[in-house]
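Structure, as structure tokens:
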Amino acid sequence: MKARVHVMLKNGVLDPQGEAVRHALGALGFDGVEAVRQGKVIELDLADGTDEDQVKDMCEKLLANTVIERYDIELG
Amino acid sequence: MHAAVITFPGSNCDRDLAVAFENAGARVSRVWHKDTALPEGVDIIGIPGGFSFGDYLRCGAIAANSPICRSVVDFAGRGGFVLGICNGFQVLTETGLLPGALMRNANLKFICKPVDLTVETTDSAYTSGYGQGDTISIPVAHHDGNYNADEDVLARLNGEGRVAFRYVDNPNGSAEGIAGILSENKRVLGMMPHPERAVDDGHGGTDGVALFRSLLDQMATA
């Protein structure tokens, strides 16, 4: 089974990289991009029987820094 | 004083930190990240700068979960002294020994230059050799030194005198210009600037000497 973890900076935490991407899009002529937030996607191949709680534990302990980041788990 | 300096794959200031401790009069043991125990009789652990594990995932995140870091957390829990510089500061926030997090510099640039710091408290073994409000020049060299913490944490750090150093001209966007913070018992210090790179005339400045000397003085009298 697979799990996909999306890690994003929490709302309210300034994302300088997203801001730089927004500027670059504007420079390319893409008007109307009001905000960009950049995050990461982590794909996990898991042994059958691994449950969401275990993935949550992985997020809390390593995959996300919950001081500044939030995460969403997609199992599939 | 017996100092242990930890080396992770990708650490690059470990030798400089060891030399700074030695020049101040400490005995230094070098410790590899896969070691599970600290040497006997260690008074202070130094976590050096560099790019542990290639900064993969997040700066300091993999190192914070290495075998030796369990011993570091236990050591700090028993009241041990831990000094984390640059990547070492990132490791300390990732272990939870210090609050907050270090994010990408606000201007997205790697900043490598001497910067002026204000000494915000002299009430710690690390800063007692300076004067309150002194301005000292210490080099920074980092891409991810933008200190971030929520308002409650900042209020607590300020209220408890746990901000050790602030930037005079905030180079990286850090909250309230914070360059270094102390733990509740003031025995764990994390800072982005490199005092070990300012301990010899050949470095271009010696403002870091007082940090290592005052540590030794405090330990000698303890």
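Every chain is numbered from 1, with letters handed out A, B, ... down the list of sequences. Any value given below was found using the heavy atoms of this structure, including those in side chains, with hydrogens, waters and symmetry copies removed.
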So how far is it from B:Arg104 CZ to A:Asp15 CG, rounded to the nearest 0.5 Å?
->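 Spacing of CZ (B:Arg104) from CG (A:Asp15) equals 10.5 Å.
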Region of [X] that comes under 4.5 Å of a non-hydrogen atom in chain A:
| X | value |
| --- | --- |
| B:Leu57 | both |
| B:Asn107 | neither |
| B:Ala101 | both |

Can you say whether [X] sits under 4.5 Å from chain B via the side chain, the backbone, both, or neither, judging by heavy atoms?
| X | answer |
| --- | --- |
| A:Leu14 | backbone |
| A:Glu19 | neither |
| A:Lys40 | side chain |
| A:Ile68 | side chain |

A:Gln17 and B:Leu108: CA distance, side-chain angles, deciding distance, side chain to side chain contact (heavy atoms under 4.5 Å, CB included) verdict | CA-CA 7 Å; A:Gln17 294 181 96; B:Leu108 300 177; 3.6 Å; yes
If you draw a 6.0 Å radius around [atom1] in [X], do more than 12 non-hydrogen atoms from other residues or ligands fall strictly inside?
| X | atom1 | result |
| --- | --- | --- |
| B:Phe110 | CZ | yes |
| A:Arg70 | CZ | yes |
| A:Lys10 | NZ | yes |

Are A:Leu62 and B:Asn65 side-chain neighbours, meaning at least one heavy-atom pair lies under 4.5 Å?
->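 Counting from C-beta outward, A:Leu62 and B:Asn65 do come under 4.5 Å.
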Nearest atoms (heavy-atom pairs only) where A:Pro16 meets B:Ala106 = CB-O, 3.6 Å
Main-chain N/O of A:Leu63 paired to B:Arg58 side chain as donor or acceptor, under 3.5 Å | yes
